[in-house]
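Okay, structure first, notes after.
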Amino acid sequence: MGFDKTLLLGKTILITGAGKGIGKSCVQKCVDAGANIIAVARTKHDLEQLKEYAPSQIEIWPLDINSDAFYECLRGLTKLDGLLNNAGINRVAPMLEQTDDNIDDVISMNIRSVYRISQAALPALINSGAGTVVNMSSQMGFVGSPNRTLYCMSKHAVEGLTKALAVELATQNVRVNTVAPTFVETPMTKPMLENPDFKKFVYDMIPMKKIAQTDDVANACVFLLSELSAMITGTSIKIDGGWTAQ
């Protein structure tokens with residue numbers, strides 16, 4: 001099961017947080033649909049391994065997305081068909097235990113970088129004639145959850161930015177949407193889900209009684225990056241098994 005191999009043919013798409021997990025799956029799914037990818041992550045080894053998947057279609061930028069070097073490369077692009085702001089972090093703790101460093105880190109990575117990257121990429125997206133931005137949000141951008149004040153705050157901000165930017169750019173033929181997953185099975189979440197109490201909490205909240213896979217999220221991203229979603233902007237696809245429907 002998959003998309004037509006020509007769905008994204010000829011399109012250049014930049015994906016942040018591309019080295020592992022959801023980002024890696026997004027790169028592979030977009031490549032399978034014909035796209036040329038600029039894969040961005042801090043760990044060069046991860047990107048080099050990823051490039052082996054399709055050497056002629058994947059360009060790697062082993063850069064920190066908050067670095068001057070990254071923005072210099074980004075502003076050097078003259079044309080960009082798609083941008084997937086996937087990189088993000090989480091700091092799980094009760095509000096009374098959250099440190100100033102945690103607050104700053106989450107805001108910097110989950111909000112400020114999404115804004116700055118989108119801003120820097122806009123000229124190239126506009127030049128494409130039909131640019132598309134997909135921001136990685138979360139079901140936590142629509143609800144609250146214990147010990148996740150920082151993460152919920154950041155993802156609610158991403159949803160707000162997405163709507164505002166979609167309205168602002170509509171007449172310039174640039175679409176902006178989000179994908180909002182529930183808990184996804186990745187190397188990062190595996191230890192969390194091995195905790196019986198936490199696993200029970202998650203499964204009790206998901207009517208479908210299963211955890212999302214990285215390809216579930218990547219498929220939604222491919223759809224939004226493609227012309228199949230040509231009339232969709234300012235909205236979100238929730239990959240949450242029904243969590244937010246309750």
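Only a predicted model underlies this, so the values are computations on that prediction, with no experimental measurement involved. Just so it is clear, the values below take in all heavy atoms, side chains as well, and ignore hydrogens, waters and symmetry mates.
Using a distance-only test at 3.5 Å, with no hydrogens or angles considered, a donor-acceptor pair links the side chain of Gln57 to the main chain of Val31. Remark: the backbone N or O of Arg91 is paired with a side-chain donor or acceptor of Gln98 at under 3.5 angstrom. Of the possible polar contacts, one joining the Ser229 side chain to the Ser226 backbone as a donor-acceptor pair under 3.5 Å is found. In this structure, the side chain of His156 does not engage the main chain of Tyr151 through any donor-acceptor pair within 3.5 Å. Between the side chain of Asn86 and the backbone N or O of Thr16 there is at least one donor-acceptor pair closer than 3.5 Å. The main-chain N or O of Ile58 is found under 3.5 Å from a side-chain atom of Lys51 such that the two form a donor-acceptor pair. Of the possible polar contacts, one joining the Gln246 side chain to the Met205 backbone as a donor-acceptor pair under 3.5 Å is found. When atom types are taken as modelled, the side chain of Asn177 and the backbone of Ser236 share no donor-acceptor pair closer than 3.5 angstrom. Ser128 places a side-chain N or O within donor-acceptor distance of the main-chain N or O of Ala130, the cut-off being under 3.5 Å. When atom types are taken as modelled, the side chain of Arg175 and the backbone of Ile232 share a donor-acceptor pair closer than 3.5 angstrom.
The CG atom of Leu83 lies 7.5 Å from the CG atom of Leu74; values are rounded to the nearest 0.5 Å. To the nearest 0.5 Å, the span separating CD1 on Ile15 from CG on Leu84 amounts to 5.0 Å. In this structure, Ile37 CD1 and Tyr53 OH are separated by 11.0 Å, a value rounded to the nearest 0.5 Å.
A single hydrophobic cluster is seen to contain both Val217 and Leu225, as judged by linkage of ILVMFWY side chains at heavy-atom distances under 4.5 Å, directly or through other members. Cluster annotation: Val176 and Ile237 are assigned to distinct hydrophobic clusters (Ile/Leu/Val/Met/Phe/Trp/Tyr, side-chain heavy-atom contacts under 4.5 Å, transitive). If you chain together hydrophobic residues whose side chains sit under 4.5 Å apart, Ile117 and Met136 never meet in one group. Put simply, Val40 and Ile13 are part of two different groups of oily side chains (I, L, V, M, F, W, Y) that touch within less than 4.5 Å, one to the next. Under the 4.5 Å side-chain heavy-atom criterion for ILVMFWY residues, a single connected hydrophobic cluster contains both Trp61 and Met109.
When side chains are defined from C-beta on, Ile103 counts as touching Leu150, because their heavy atoms get closer than 4.5 Å. Side-chain contact check for Asn36 versus Glu59: every heavy-atom pair is 4.5 Å or farther apart. Within the 4.5 Å cutoff, side-chain heavy atoms of Leu50 are placed close to those of Lys24. For the pair Lys11 and Glu227, the minimum side-chain heavy-atom distance is below 4.5 Å. Within the 4.5 Å cutoff, the side chain of Thr12 has no heavy atoms near those of the Leu77 side chain.
Counted within 6.0 Å of CD on Glu185, heavy atoms from surrounding residues, nucleotides or ligands total 12 or fewer; the atom is thus considered open. The local environment of CE in Met192 is crowded, with over 12 non-hydrogen atoms from other residues, nucleotides or ligands closer than 6.0 Å. Shown here is Glu48, whose CD atom has more than 12 heavy atoms of other residues, nucleotides or ligands within 6.0 Å. Around the CG atom of Asp68, the shell of radius 6.0 Å holds no more than 12 heavy atoms that belong to other residues, nucleotides or ligands. The environment of Lys5 atom NZ is sparse: at most 12 non-hydrogen atoms of other residues, nucleotides or ligands sit within 6.0 angstrom. In the displayed structure, Lys209 atom NZ is contacted under 6.0 Å by more than 12 heavy atoms of other residues, nucleotides or ligands.
Asp4 and Thr6 share a donor-acceptor pair across their side chains, judged by distance under 3.5 Å alone. Neither side chain, Ser137 nor Thr178, offers a donor N or O lying under 3.5 Å from an acceptor on the other.
For the residue pair Ser67 and Leu63, the shortest heavy atom distance occurs at OG-CB, 4.5 Å. Here the closest non-hydrogen pair linking Glu159 and Gly141 is CG-O, 3.9 Å. Ser25 approaches Thr214 most closely through the heavy-atom pair OG-OG1, 2.7 Å. Counting all heavy atoms, side chain and backbone alike, Asn110 lies closest to Gly88 at OD1-CA, 3.2 Å. Minimum interatomic distance between Val184 and Pro181 (heavy atoms only, all atoms of both residues): CG2-CB, 3.7 Å. Taking every heavy atom of both residues into account, Ile211 and Tyr203 meet most closely at CG1-OH, 3.4 Å.
For the side-chain contact (heavy atoms from CB on, under 4.5 Å) with Leu125, the lone residue among Val133, Asn173, Leu169 that qualifies is Val133.
Between Phe201 and Trp243, the ring-plane angle classifies as perpendicular under the 30° and 60° cut-offs.
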Test side-chain contact (heavy atoms from CB on, under 4.5 Å) applied to Val134 and Phe223, step by step: CA-CA 10 Å; Val134 177; Phe223 170 69; over 6 Å; no
Audit row: Val106, Ile89, side-chain contact (heavy atoms from CB on, under 4.5 Å) steps and yes/no: CA-CA 6 Å; Val106 171; Ile89 61 172; 4.3 Å; yes
Audit row: Ile107, Met153, side-chain contact (heavy atoms from CB on, under 4.5 Å) steps and yes/no: CA-CA 9 Å; Ile107 290 174; Met153 173 183 70; 3.9 Å; yes
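The side-chain hydrogen bond (donor to acceptor under 3.5 Å, both in side chains) analysis of residues 115-124, with sequence neighbours excluded, yields the pairs Asn85-Ser118.
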